[in-house]
Visitor: 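Quick one: the structure is below, questions incoming.
Proteins get letters first, then strands, A, B, ... in listed order; numbering begins at 1 in each. Since the model is a prediction, treat every value here as computed from it, not as a measurement.
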There are 2 protein chains.
Amino acid sequence: MLLIARKALALAHNKTIRLTTREVHCLSSILLSPPLVSLDLPENWVPYSHPPSSIAFEGEQKTVVIDGKAIAEEIRTKIVSEVWKMKNDVGKVPGLAVVLVGEQRDSQTYVRNKIKACEETGIKSVLAELPEDCTEGDIISVLKKFNEDTSIHGVLVQLPLPQHLDEAKILNMVRLEKDVDGFHPLNMGNLAMRGREPLFVSCTPKGCVELLIRAGVELAGKNAVVIGRSNIVGLPMSLLLQRYDATVSTVHAFSKDPEHITREADIVVAAAGVPNLVRGSWLKPGAVVIDVGTCPVEDSSCEQGYRLVGDVCYEEALGVASAITPVPGGVGPMTIAMLLCNTLDAAKRTSL
Amino acid sequence: MLLIARKALALAHNKTIRLTTREVHCLSSILLSPPLVSLDLPENWVPYSHPPSSIAFEGEQKTVVIDGKAIAEEIRTKIVSEVWKMKNDVGKVPGLAVVLVGEQRDSQTYVRNKIKACEETGIKSVLAELPEDCTEGDIISVLKKFNEDTSIHGVLVQLPLPQHLDEAKILNMVRLEKDVDGFHPLNMGNLAMRGREPLFVSCTPKGCVELLIRAGVELAGKNAVVIGRSNIVGLPMSLLLQRYDATVSTVHAFSKDPEHITREADIVVAAAGVPNLVRGSWLKPGAVVIDVGTCPVEDSSCEQGYRLVGDVCYEEALGVASAITPVPGGVGPMTIAMLLCNTLDAAKRTSL
């Protein structure tokens with residue numbers, strides 16, 4: 001079976017090894033199609049090795065910078081007043097519980113920012129910190145407690161989890177009505193299916209669409225390309241844009257000619273997690289670009305010794321795109337604002 | 001609110017009416033993005049009104065016709081032997097329950113074919129027929145009975161249901177372990193998410209991928225276009241092709257230039273339900289075409305007074321596509337074979 005997996009890996013990397021019929025039958029007795037999880041190979045993006053030496057566009061485009069920070073601030077101000085109103089009217093405030101496992105620096109920063117945002121908007125927050133070597137049972141018992149706690153309306157598990165833990169099993173334990181991250185497969189299925197409505201839409205995609213709408217971008221009928229297909233951004237982003245009647249193409253590490261496909265798009269959402277993957281030459285002049293990537297890159301000229309870089313080569317996109325989100329200050333603040341929004345919504349539902 | 005819905009409808013049909021800010025706020029108080037279900041407008045495909053007067057391709061392509069009937073027959077033969085083995089080894093046979101509401105001719109035919117296929121492969125089948133004017137409660141009590149019945153391993157509700165019934169609510173009642181149609185949102189979410197595996201993949205998409213694999217078509221890295229985004233075919237088809245690492249674009253009634261997008265595809269799956277929507281000019285020479293459409297069109301030269309027509313203009317596709325499924329005899333027989341497969345799998349799981 002290991003040999004089959006290796007062959008499948010080779011196949012996925014475009015080598016010509018093929019599974020024999022017997023090997024395929026090992027995987028599935030009647031059908032030739034293998035089990036789906038066996039298809040999930042890591043996304044190894046090929047770095048863009050030959051940047052064009054010069055990019056020339058006739059009649060350079062004026063690029064609007066979409067100020068995610070300001071929009072998020074505006075939304076947070078509204079949340080403050082709704083939380084205040086809820087407290088006054090029914091004597092309760094929304095409550096968010098965050099589960100943090102281990103001591104990964106990035107995760108600690110993200111969690112700190114979420115807790116701080118809760119404090120600033122009047123949302124109650126509870127942080128459960130578990131050691132790196134905790135068991136699934138430890139996390140599940142914490143989740144059960146939060147699931148039952150009526151003062152907690154949203155529960156999230158900060159990702160990624162340490163390797164030894166079953167992420168799917170743990171996320172499935174978050175009570176559906178408190179799944180403010182929208183990562184439960186039932187919420188994802190309801191996002192995908194027409195005529196259904198998920199209880200929560202994942203925060204980053206929700207924030208991206210809100211930015212597009214506020215920037216006056218029409219989505220229906222537009223060609224949208226989503227670069228990346230992670231469960232937490234790319235996938236729900238594609239599903240959400242389709243709900244808005246965009247014609248969505250999803251590009252990933254196995255896509256043959258991502259540049260060509262991206263150049264067809266009116267709207268580009270880059271969420272691959274690869275700094276500067278999307279060059280200016282990938283963009284159709286006038287395209288709207290939402291950059292979800294935030295990758296720290298060493299830079300001694302910055303106070304902290306690094307700066308944050310997006311998936312899009314920002315300098316090249318200026319003058320080609322009609323609008324773009326900056327990194328930082330674009331999608332990031334919106335993600336947290338949407339988390340507050342989802343937590344408030346969850347609290348409103350339970351007060352009905 | 002009705003006015004907003006009307007405006008949204010007009011918007012979706014590319015008229016220029018826009019929602020005012022106040023109207024948008026009616027839909028959602030803090031965010032500008034409206035609730036998702038309010039976005040679900042009917043798919044009104046614009047018929048292709050100006051067919052090209054002549055289509056010329058240099059060096060005409062030899063088109064392989066993918067014989068779905070023969071492949072389905074081969075799969076059914078294997079199912080027969082597995083069912084027989086199960087009966088001999090553990091003294092049970094797989095059982096399928098079908099719920100049919102009303103007397104719609106097409107639905108009756110589909111159900112009859114499914115029951116007949118069960119009989120021919122040794123799978124036990126039970127049919128529950130309910131009158132057109134039955135209540136949701138009537139259907140749910142039938143489903144509950146089947147959900148509990150240990151001799152029944154698969155349960156399906158024939159769609160479409162009469163207008164007065166809540167399809168989502170009813171489908172959600174099918175026990176997940178018996179959802180052989182794969183229409184439960186939890187199955188759909190697990191199909192969409194990487195690292196998860198649904199208990200069942202919907203029969204038609206599963207059959208289409210099986211045809212592609214048996215026809216020797218590599219999927220990883222290929223450009224695939226799925227035309228149509230229904231919950232029962234288009235959506236799970238797009239999700240499944242992406243699991244096989246194809247670069248998937250989904251075209252629907254709101255897509256601005258479906259012909260252009262389709263012409264980029266190495267693999268075209270047509271599931272719009274619009275006869276002859278996809279013309280020869282829509283296809284890239286050498287593309288592989290899977291035609292899910294089956295629409296009866298009047299034809300006095302046929303014995304029954306009608307013939308079945310696919311979504312693809314078959315005569316035009318011959319000589320352009322490298323391979324194509326015929327209608328009938330392509331995807332249709334595979335759908336039923338996959339239903340039998342899913343029922344057998346469900347029975348195997350309960351015997352573990």
Visitor: Rounded to the nearest 0.5 Å, what separation is found between the NZ atom of Lys256(A) and the CG atom of Asp266(B)?
Guide: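 If we round to the nearest 0.5 Å, Lys256(A):NZ and Asp266(B):CG are 7.5 Å apart.
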Visitor: Please state whether the side chain, the backbone, both or neither of Ile75(A) comes within less than 4.5 Å of a heavy atom of chain B.
Guide: both
Visitor: Flag the one option from Asn187(B), Val251(B), Ile261(B) with the top tally of heavy-atom pairs under 4.5 Å to chain A.
Guide: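 The candidate making the most pairs under 4.5 Å is Ile261(B).
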Visitor: Heavy-atom distance under 4.5 Å to chain B: side chain of Ile71(A), backbone, both or neither?
Guide: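 For Ile71(A), no heavy atom lies under 4.5 Å from chain B.
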Visitor: Report which part of Pro198(A) has an atom under 4.5 Å of a heavy atom belonging to chain B: side chain, backbone, both, or neither.
Guide: side chain
Visitor: Kindly say whether Arg194(A) contributes a backbone atom to a donor-acceptor pair with the side chain of Asn231(B) at under 3.5 angstrom?
Guide: yes
Visitor: For a 4.5 angstrom cut-off between non-hydrogen side-chain atoms, does Met193(B) reach Leu235(A)?
Guide: yes
Visitor: Side chain, backbone, both or neither: which part of Glu74(B) has a non-hydrogen atom closer than 4.5 Å to chain A?
Guide: neither
Visitor: Between Leu171(B) and chain A, with a heavy-atom cut-off of 4.5 Å, which part of the residue counts as in contact: side chain, backbone, both or neither?
Guide: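 For Leu171(B), the side chain is the part near chain A, not the backbone.
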Visitor: Chain B: which of Ala168(A), Pro185(A), Gly189(A) shares the most heavy-atom pairs with it under 4.5 Å?
Guide: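 The residue among Ala168(A), Pro185(A), Gly189(A) with the greatest pair count is Pro185(A).
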Visitor: Can you check side chain to side chain contact (heavy atoms under 4.5 Å, CB included) on Leu239(B) and Leu239(A), steps first, answer last?
Guide: CA-CA 10 Å; Leu239(B) 299 175; Leu239(A) 298 174; 4.2 Å; yes
Visitor: For Asn172(A), which atoms come within 4.5 Å of any heavy atom of chain B: side chain, backbone, both, or neither?
Guide: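 The side chain, not the backbone.
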Visitor: Counting only heavy atoms closer than 4.5 Å, note whether Val225(A) contacts chain B via side chain, backbone, both or neither.
Guide: neither
Visitor: For Ile79(A), is it the side chain, the backbone, both or neither that has a heavy atom under 4.5 Å from a heavy atom of chain B?
Guide: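 Both parts, backbone and side chain.
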Visitor: Kindly say whether Gly195(A) contributes a backbone atom to a donor-acceptor pair with the side chain of Asp40(B) at under 3.5 angstrom?
Guide: yes
Visitor: Tell me, for Ala246(A) versus chain B, whether the close heavy atoms (under 4.5 Å) come from the side chain, the backbone, both or neither.
Guide: backbone
Visitor: What part of Leu39(B) lies closer than 4.5 angstrom to a heavy atom of chain A: side chain, backbone, both or neither?
Guide: both
Visitor: Please identify, among His260(A), Arg196(A), Met338(A), the residue contributing the most non-hydrogen atom pairs under 4.5 Å to chain B.
Guide: Arg196(A)
Visitor: When you look at Val248(B) and Thr250(A), which way does the side chain to side chain contact (heavy atoms under 4.5 Å, CB included) test go after all the steps?
Guide: CA-CA 6 Å; Val248(B) 182; Thr250(A) 308; 5.8 Å; no
Visitor: Under 4.5 Å, counting heavy-atom pairs only, tell me which of Glu264(A), Arg229(A), Lys222(A) racks up the most with chain B.
Guide: Arg229(A)
Visitor: Could you tell me which portion of Asn223(A) (side chain, backbone, both or neither) has an atom closer than 4.5 angstrom to a non-hydrogen atom of chain B?
Guide: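 Only the side chain of Asn223(A) comes within 4.5 Å of chain B.
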Visitor: Is there side-chain contact between Leu31(A) and Val209(B), with heavy atoms separated by less than 4.5 Å?
Guide: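 Answer no - side chains too far apart.
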Visitor: For His252(A) and Gln242(B), indicate whether the former's side chain and the latter's backbone hold a donor-acceptor pair under 3.5 Å.
Guide: no
Visitor: Output the option from His184(A), Lys206(A), Arg214(A) having the highest count of non-hydrogen pairs under 4.5 Å with chain B.
Guide: Arg214(A)
Visitor: Would Leu186(A) and Leu186(B) count as a side chain to side chain contact (heavy atoms under 4.5 Å, CB included) if you check the C-alpha gap in whole Å, the side-chain angles of each, and the deciding distance to 0.1 Å?
Guide: CA-CA 4 Å; Leu186(A) 192 56; Leu186(B) 192 55; 3.9 Å; yes
